[in-house]
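Some notes on the structure that comes next.
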Amino acid sequence: MAKNAIRGLVISFRRAKRVQHTNETIVEIGGGADPATLVGAKALWTGEGGLRIVGQVVARHGNGRAVRVRWRKGFPSQGIGTSAEIVVK
């Protein structure tokens with residue numbers, strides 16, 4: 001983990017009543033960072049097999065400590081419940 005990285009937990013895909021967007025996830029961040037200041041930051045997820053997916057924080061999610069991350073590739077469903085890193089500029 002980088003020095004200027006914040007660890008977050010991938011909660012779920014961005015979804016609606018009938019549609020699930022597999023290239024966007026909701027990530028709940030830890031630490032004392034304000035979610036509004038993380039918009040535009042780079043996100044990294046590493047799977048158990050060494051698969052690395054890069055994304056970007058696109059918006060806050062709700063009034064809590066969650067942000068929306070748009071990944072370059074489709075996010076695997078095995079990654080739900082795992083951790084992701086948000087690299088602060």
Side-chain angles (χ1 to χ4, degrees):
M1 188 164 115
K3 285 184 180 180
N4 55 348
I6 298 171
R7 190 169 298 274
L9 183 67
V10 180
I11 301 291
S12 69
F13 289 114
R14 179 179 153 230
R15 50 178 292 215
K17 187 174 181 180
R18 294 180 181 89
V19 179
Q20 181 170 292
H21 302 278
T22 57
N23 65 333
E24 280 193 27
T25 58
I26 299 169
V27 178
E28 188 174 299
I29 59 171
D34 181 27
T37 61
L38 297 176
V39 174
K42 185 177 179 183
L44 296 170
W45 177 81
T46 305
E48 290 182 8
L51 175 68
R52 291 178 60 100
I53 299 177
V54 178
Q56 184 177 9
V57 178
V58 291
R60 292 182 62 158
H61 180 78
N63 292 327
R65 310 218 32 88
V67 292
R68 280 188 3 233
V69 177
R70 183 172 295 145
W71 304 98
R72 290 188 186 162
K73 298 179 114 184
F75 194 78
S77 59
Q78 293 87 355
I80 303 295
T82 61
S83 63
E85 296 178 16
I86 299 174
V87 181
V88 182
K89 296 176 186 176

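Only this structure's heavy atoms are used, side chains among them; waters, hydrogens and symmetry mates stay out. As the structure is a computational prediction, the values presented were derived from the model and not from experiment.
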How long is the straight-line distance from [atom2] of [Y] back to [atom1] of [X], given to the nearest 0.5 Å?
X: Lys73; Y: Asn23; atom1: NZ; atom2: CG; result: 13.0 Å
X: Ile6; Y: Leu38; atom1: CD1; atom2: CG; result: 5.0 Å
X: Glu85; Y: Asn4; atom1: CD; atom2: CG; result: 10.0 Å
X: Leu9; Y: Ile80; atom1: CG; atom2: CD1; result: 9.5 Å
X: Phe75; Y: Thr22; atom1: CZ; atom2: OG1; result: 10.5 Å

Which atom of [X] lies closest to which atom of [Y], heavy atoms considered:
X: Pro35; Y: Gly64; result: CG-O, 3.7 Å
X: Ala84; Y: Trp45; result: CB-CD1, 4.4 Å
X: Val87; Y: Ala41; result: O-CB, 3.4 Å
X: Arg7; Y: Ser83; result: NH1-OG, 3.2 Å
X: Gln20; Y: Phe13; result: NE2-CD1, 3.3 Å

Please check: side-chain N/O of Arg60 versus main-chain N/O of Thr37, any donor-acceptor pairing under 3.5 Å?
no

I want to check something: taking the side chain as every heavy atom from C-beta on, are Leu51 and Thr46 in contact at a cut-off of under 4.5 Å?
no

Can Glu24 and Arg70 be counted as an ion pair, charged N to O under 4.0 angstrom?
yes

